[in-house]
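Both backbone and side-chain heavy atoms feed into the values below; hydrogens, waters and symmetry mates do not. Just so you know, residue 1 is the first one in the sequence shown, and it goes up from there.
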Amino acid sequence: MDIAELQELIRILEDSKLAELEIEEDGRRVRLSKQVPPCVSEPVSSTPPQQVMLSASQADTAISEEDRAGQALEDAGLVTIDSPMVGTFYTAPAADKVPYVSAGDTVEPEQTLCIVEAMKIMNEVVAKFPAIVERVLVDNAEPVEFGQPLFAVRPLV
């Protein structure tokens with residue numbers, strides 16, 4: 001089993017409701033597990049849930065800041081490069097090294113942009129297209145979620 005297959009298994013486990021995954025292949029066994037919050041049983045209510053109606057102004061207010069920020073990036077002609085998994089974001093290969101990229105840098109396809117560490121495995125996030133990095137949206141060593149925008153870039157294609 002190579003690293004890519006192992007990373008795919010990790011993604012599958014993280015994206016599922018499973019708490020544990022065990023695979024055996026060619027005499028090698030891999031067991032992955034994650035912490036799952038304990039089930040909290042909620043009291044059963046005999047009254048049906050109530051529907052909440054929001055006015056147009058309340059619904060507009062309910063739009064999250066992230067949605068607004070994403071729309072602002074789109075309006076500026078920028079796209080985001082998102083985290084492929086849950087983990088910790090690192091801008092450089094080590095604390096004493098220079099960051100892979102900074103705002104203003106031009107990147108090429110397959111160029112490493114950052115590392116997302118998950119379960120002690122360092123996963124490189126690479127550019128899929130030529131672009132200019134306009135903004136780094138996450139601070140170094142900050143936890144990130146699956147799909148969270150990491151960079152705002154201006155595509156060059």
What pairs of donor and acceptor atoms, side-chain ones from residues 143-157 against any protein atom, are under 3.5 angstrom apart with sequence neighbours left out?
{"residue": "Q148", "atom": "OE1", "partner": "E145", "partner atom": "N", "Å": "2.9"}
{"residue": "R154", "atom": "NE", "partner": "E134", "partner atom": "OE2", "Å": "3.4"}
{"residue": "R154", "atom": "NH1", "partner": "A76", "partner atom": "O", "Å": "3.0"}

Please tabulate, one pair per line, all N/O donor-acceptor pairs under 3.5 Å involving side-chain atoms of residues 101-122, not counting sequence neighbours.
{"residue": "D105", "atom": "OD2", "partner": "S102", "partner atom": "N", "Å": "2.8"}
{"residue": "Q111", "atom": "OE1", "partner": "E108", "partner atom": "N", "Å": "3.0"}
{"residue": "T112", "atom": "OG1", "partner": "E124", "partner atom": "OE1", "Å": "3.1"}
{"residue": "E117", "atom": "OE2", "partner": "K120", "partner atom": "N", "Å": "2.7"}

Go through the structure and list residues passing side-chain hydrogen bond (donor to acceptor under 3.5 Å, both in side chains) with S83, not counting sequence neighbours. none
Cluster question for you: counting only ILVMFWY and a side-chain heavy-atom cut-off of under 4.5 Å, with indirect links fine, are V136 and V125 together? yes
V126, V133: one ILVMFWY side-chain cluster at the under-4.5 Å cut-off? no
How long is the straight-line distance from OH of Y90 back to CG of N123, given to the nearest 0.5 Å? 12.0 Å
